[in-house]
Asker: 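Quick one: this structure, given as structure tokens, is what I'll be asking you about.
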Amino acid sequence: MWKKLIALVCVLILGLAGILAINTIRYSAAPEPLAAVELPDVDGERIALQLSKAVQFKTISFEQTAQSERPADFQNFVDFLDAEFPNVQAATEKTMIGELTPLYMWPGSDRSLKPVLLTAHYDVVPVANASPDNWDYPPFAGTIADGQVWGRGTLDDKGALIAMMHAAERLIGQGFVPERTIYFSFGHDEEISGKHGAGGVVKYFEQQGISLAWTLDEGSMVLQDVIPGLSQDVASINVAEKGYATVDIIATAAGGHSSLPPRETAVGTLAKAITGLQAAPMPGGLTDTSKDFFDGIGPHFPLVQRVLFANQWLFGGVLESVLSKSAATDAMLRTTIAPTMLSGSSKENVLPQEAVATVNFRLHPRDTIEGVLEHVHDHVDHTGVEVSLRENSAAEASGVSRSDNAAYQLLSQTFSQVFDNVIVVPGLTIAATDSRHYSKIADDSYRINPFVLRGEDIPQIHGANERLSIKNMVLAVQFYTLLMQNSGA
Ligand SMILES: [Zn+2]
């Protein structure tokens, strides 16, 4: 009897090994079709100089104020674009939106095709500490050194803007006319919600009855050494962007003098609620957009990880727990929970009548604000706190754009043509961009800048020593040039 059972177990193990092996072989990456194409020659010195000039305008985001109080650098930057790119001025129609966001229309030869929109923003975040200890070169000097253009806004997002303009300027100079009408819009208030810039552009398109085939905006880059275990670069063409919700959690109590405290003060109650909430992450996993991303990169991993990705029916749980351990991959799998602000009594010896914790959520496209609130209530209500949504800082996640259409195909092909040995996958933007406005008037919205970004460079975005290599600027001009040439597709 034992012999039979052992034989049966052996057969099962062999069978399982066979299934794992077959799934893994099937899962392996198909060879990328090589579309050989001649890349345009780009004058690196010239484009570096243009970006350097762009950085020198201190276009730091400002809340909407009277015209007389606005920093002159915004208008000066728009004037600089007119002077620096005369071919674009001549071939396009410019409309100013929200007074400071220029929208250019470059008419296509086939007016029956829906237009497309290439977009970037030229406002930048403030510099917290410009001291030489923090910045190797001053943040608004536009220094060109060590093969890089240094300064605030190079990566986010003047680099993309200048590369787009440079590509268009060059093509117009060669007599090129796009098949499809191409719009460019350059927002002036992206870092503070994009309400007047991108929001105004959307209103303008709605008034004119114009709807777009697709839009391309920032939101990701060509990632190098960002995903552990993956040796190839990944162009994550982001097809969606996370939503946003901020919730106040409020504990109340009688107050009084701290020499006569109850067993639990409002701060203690609040602490329990927050600890409980942090211990209960929103459900996530390898579904929806997260599945598409990891399925795209899975076949390119070394064998062991490939066996795991190819056999998610068996190892899905293991994979999820591994991916959840890194903040970067966890944010792609689920709605994240981040307690960010705290307040209690105003004096050390006064018991708080109210203690408040502010919690910021970033919503995965599978979740809704209502669902997030339900989750919060489920995990904090028993502690006796109140929950209040900040209505004016809440936005649902975006819709999910297609990755099986001609527009995605064009973007994907262009990345393969310009960047060596790159894996192209649909991904998810975990922060907020102007695309949440633009996606309202387009069939599909994509979010990626054509720059190679290494993991160690990520802190430069909104941080110190922000810079962009001249090599990256050249790649970006090549990318936008091919994209504009083929945008009729
Ligand atoms: Zn940006």
Side-chain angles (χ1 to χ4, degrees), residues 51 54-55 57-63 71 73-74 77-78 81 97-98 100-103 117-128 139-140 142 149-165 184-202 215-223 226 235-244 328 331 362 393 395 397-398 427-439 445-453 457-469 472-473 476 479-480:
L51 180 57
V55 167
F57 297 92
K58 288 190 182 175
T59 49
I60 300 165
S61 304
F62 65 96
E63 299 297 336
D73 281 41
F74 282 80
F77 181 82
V78 176
L81 292 180
I97 307 286
L100 291 171
T101 286
L103 173 69
L117 172 71
L118 302 183
T119 172
H121 65 89
Y122 72 94
D123 61 325
V124 301
V125 292
V127 172
F140 292 102
V149 181
W150 296 71
R152 172 61 83 236
T154 46
L155 273 170
D156 179 16
D157 188 25
K158 286 175 174 169
L161 187 161
I162 295 295
M164 284 174 196
M165 286 297 256
F184 301 97
S185 77
F186 301 135
H188 72 279
D189 62 349
E190 191 274 345
E191 299 291 0
I192 48 168
S193 86
K195 202 167 117 194
H196 301 278
V201 170
V202 167
T215 63
L216 179 64
D217 191 7
E218 62 176 352
S220 177
M221 301 206 192
V222 178
L223 308 172
V226 170
S236 173
I237 302 178
N238 290 357
V239 291
E241 115 180 22
K242 284 183 120 179
Y244 190 101
R362 298 302 176 107
S393 66
S398 75
L428 170 67
T429 297
I430 57 171
T433 72
D434 268 347
S435 280
R436 69 188 176 287
H437 300 289
Y438 294 129
S439 60
S445 288
Y446 302 102
R447 304 155 178 88
I448 182 169
N449 280 350
F451 304 131
V452 177
L453 185 77
D457 296 333
I458 293 174
Q460 291 170 27
I461 301 171
H462 292 199
N465 277 331
E466 185 179 348
R467 59 190 183 270
L468 189 60
S469 70
N472 260 327
M473 284 301 283
F479 176 88
Y480 290 124

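Just so you know, residue 1 is the first one in the sequence shown, and it goes up from there. Note that ligands are numbered from 1 as they come in the structure, with each ligand's atoms numbered from 1 the same way. Computed from a predicted model, the values in this text were never measured in an experiment.
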Asker: Are any side-chain N or O atoms of Asp217 and backbone N or O atoms of Ser435, one a donor and one an acceptor, separated by less than 3.5 Å?
Answerer: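 Between the backbone of Ser435 and the side chain of Asp217 there is a qualifying donor-acceptor contact (under 3.5 Å).
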Asker: Which atoms of the protein, restricted to N, O or S, are nearer than 2.8 Å to the Zn ion (ligand 1)?
Answerer: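 Per the 2.8 Å query on the Zn ion (ligand 1), atoms found are His121 NE2, Asp156 OD1, Glu218 OE1, Glu218 OE2.
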Asker: Not counting sequence neighbours, which residues clear side chain to side chain contact (heavy atoms under 4.5 Å, CB included) with Val125? List them please.
Answerer: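 Result, side chain to side chain contact (heavy atoms under 4.5 Å, CB included) vs Val125: Arg152, Glu191, His462.
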Asker: First locate atom CZ of Arg362, then atom CD of Glu241, and finally report the distance between them rounded to the nearest 0.5 Å.
Answerer: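 Output value for this atom pair is 10.0 Å.
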Asker: Give the ring-plane orientation class for His188 versus Tyr122, where under 30° counts as parallel, over 60° as perpendicular and anything between as tilted.
Answerer: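 Taking Tyr122 first and then His188, their aromatic rings sit tilted (interplane angle of 30° to 60°).
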Asker: Checking side-chain hydrogen bond (donor to acceptor under 3.5 Å, both in side chains) for the pair His121/Asp189: CA distance, chi angles, key distance, verdict?
Answerer: CA-CA 8 Å; His121 65 89; Asp189 62 349; over 6 Å; no
Asker: Establish, yes or no, whether the cationic atom of Lys158 lies under 6.0 Å from the six-membered ring centre of Phe57 and within 45° of the ring axis.
Answerer: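 Output no; distance or angle outside limits.
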